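Note that this is a predicted model, so its numbers are computed, not measured. Only heavy atoms go into these numbers, but all of them, side chains included; no hydrogens, no water, no symmetry mates. Both counts, for ligands and for their atoms, begin at 1 and track the order of listing. Counting begins at 1 with the first residue of the sequence.
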Amino acid sequence: MAARVLGRAGRLAAVVRSSAVRLQLRLHGSAGLRFGSQASFFPPLGDAMLPSGSFNNHVALITGGGTGLGRAMTATLSQLGAQCIIASRKLDILQRTAEEISSQTGNKVHAVQCDVRDPQAVSQCVDQMEALTGLPDVIINNAAGNFVCPSERLSPNAWKTITDIVLNGTAFVTLELGKRLIQNQKGASFLAITTIYAESGSGFVVPSASAKAGVEALYKSLAAEWGRYGHRFNIIQPGPIRTKGAFSRLDPTGAFEKATIDRIPTGRLGTPAEIANLAAYVSSNYASWMSGAVIRFDGGEYVSLAGEFNELRSVTPDQWKILEAMIRNTKGS
Ligand SMILES: CCCCCCCCC/C=C\C=C\C(=O)SCCNC(=O)CCNC(=O)[C@H](O)C(C)(C)COP(=O)(O)OP(=O)(O)OC[C@H]1O[C@@H](n2cnc3c(N)ncnc32)[C@H](O)[C@@H]1OP(=O)(O)O
Ligand SMILES: NC(=O)C1=CN([C@@H]2O[C@H](COP(=O)(O)OP(=O)(O)OC[C@H]3O[C@@H](n4cnc5c(N)ncnc54)[C@H](OP(=O)(O)O)[C@@H]3O)[C@@H](O)[C@H]2O)C=CC1
């Protein structure tokens, strides 16, 4: 009897050992289960989510509103009734976007040239805005600069360029508008667009990570300080959403896109329309109790990158049977 049991245990151990070798090979090869098909569970919706007219009689300033995510936010706010001002360096692009969106929504979109790195230019931009529309109810600090680069290759000017656009630019716009709004006793919603790696840090985009972390500290601090003036401050951390501006500078060959999608639990990139709906909600009166919030909007990418055991997603059900047998067969420590 004892010999029979020992024999069975020995055979099981042999099966477990040889299967474990196969498992090792598979895990390090490419035969693990691919996730990605789950995207069909999470289809993106494109329509504006809030009731029409939610931003009637509202003025919104969107920095970097001529392209990418800023353009999508402008389109949604405009569709919901806002009069928008979009501001960045390239006036021709801003004007084209402004005309396209205005002609679709019937609401005025103004294009104002402004390099947010220059506090004087920011002040002039706000002068121009006051003349066109009055001070804004909604401010979205969305303008940014970024590129992937090993940190040992960064020049001082490369560091300064990114941190000037992202951190100083956001601070200049926020402080200039904040001071004027306070003087006029006017409330407003401020929203900053950061990234998921503002929290974790990330190699190869170190100036951006450092500056975005600074933006988050700025917005959380002002949420506490300027609530008394009627100002709300919130932050959205987007995960990967295809835009020419981001992808051409962060994955210029497209070599990393598949791996990026594979690690996102919802199996796909986000869309500009999805983040525009979130930005509209956060900036709207429906969110008037929301301040100091940091909203991660990334299809689950951050937690997927963080969890030490998440790679076990590639273990198949058959492999789990083997692993479980091995674990159960372990006696003692
Ligand atoms: C791993 C897979 C990833 C898949 C995709 C995942 C997507 C997730 C995205 C997550 C976060 C995204 C955050 C973003 O912010 S995306 C937004 C990106 N959009 C932009 O950057 C638009 C605006 N950008 C620009 O205008 C330029 O790119 C700029 C360089 C930031 C600024 O332009 P400009 O002021 O004209 O600056 P210069 O060209 O004069 O350069 C200044 C300085 O920087 C050096 N430099 C420029 N490019 C590089 C580079 N690629 N590598 C190293 N250094 C660079 C340049 O040489 C200058 O320095 P120096 O004077 O010393 O030579
Ligand atoms: N797409 C993505 O996957 C992600 C994006 N983000 C963030 O989303 C935001 C939008 O990025 P995205 O739409 O992808 O990229 P874009 O490159 O399209 O947007 C960046 C915008 O910033 C403007 N800008 C750059 N430098 C300046 C400056 N000095 N002064 C004023 N405006 C400036 C650009 O306009 P111009 O050239 O005319 O100045 C451009 O419209 C950024 O804050 C980015 O960090 C965060 C995480 C992920």
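In this structure, CG in Asp127 is found 7.0 Å from CD in Gln124, a value given to the nearest 0.5 Å. Rounded to the nearest 0.5 angstrom, Thr266 OG1 and Glu301 CD are separated by 9.5 Å. How far CD of Glu257 is from CZ of Arg242: 4.0 Å, rounded to the nearest 0.5 Å. The structure places CG of Asp115 at 10.5 Å from NZ of Lys90, a figure rounded to the nearest 0.5 Å. Here Leu167 contributes atom CG and Ile165 contributes atom CD1; the two are 12.0 Å apart, rounded to the nearest 0.5 Å.
Note on Arg180 versus Glu176: salt bridge recorded, some NZ/NE/NH1/NH2 to OD/OE distance being below 4.0 Å.
A search for ring-ring contact (aromatic ring centres under 6.0 Å, His included) contacts involving His58 returns Phe55, not counting sequence neighbours.
Each of Leu312, Val315, Asp318 was compared with Leu323 under the side-chain contact (heavy atoms from CB on, under 4.5 Å) criterion, and only Val315 meets it.
Listed by chain and number, Gly64, Thr67, Gly68, Leu69, Ser88, Arg89, Lys90, Cys114, Asp115, Val116, Arg117, Asn142, Ala143, Ala144, Ile165, Ile193, Thr194, Thr195, Lys212, Pro238, Gly239, Pro240, Ile241, Thr243, Gly245, Ala246 each place a non-hydrogen atom less than 4.0 angstrom from ligand 2. If you look at ligand 1, the protein residues with a non-hydrogen atom under 4.0 Å away are Arg89, Arg117, Ala144, Gly145, Asn146, Phe147, Cys149, Ser155, Asn157, Ala158, Thr161, Ile162, Thr195, Tyr197, Pro240, Gly245, Ala246, Phe247, Arg249, Leu250, Asp251, Phe256, Thr260.
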Distance-only donor-acceptor hits, side chain of residues 149-157, under 3.5 Å, sequence neighbours excluded:
residue	atom	partner	partner atom	Å
Ser155	OG	Asn157	N	3.4
Ser155	OG	Ala158	N	3.0

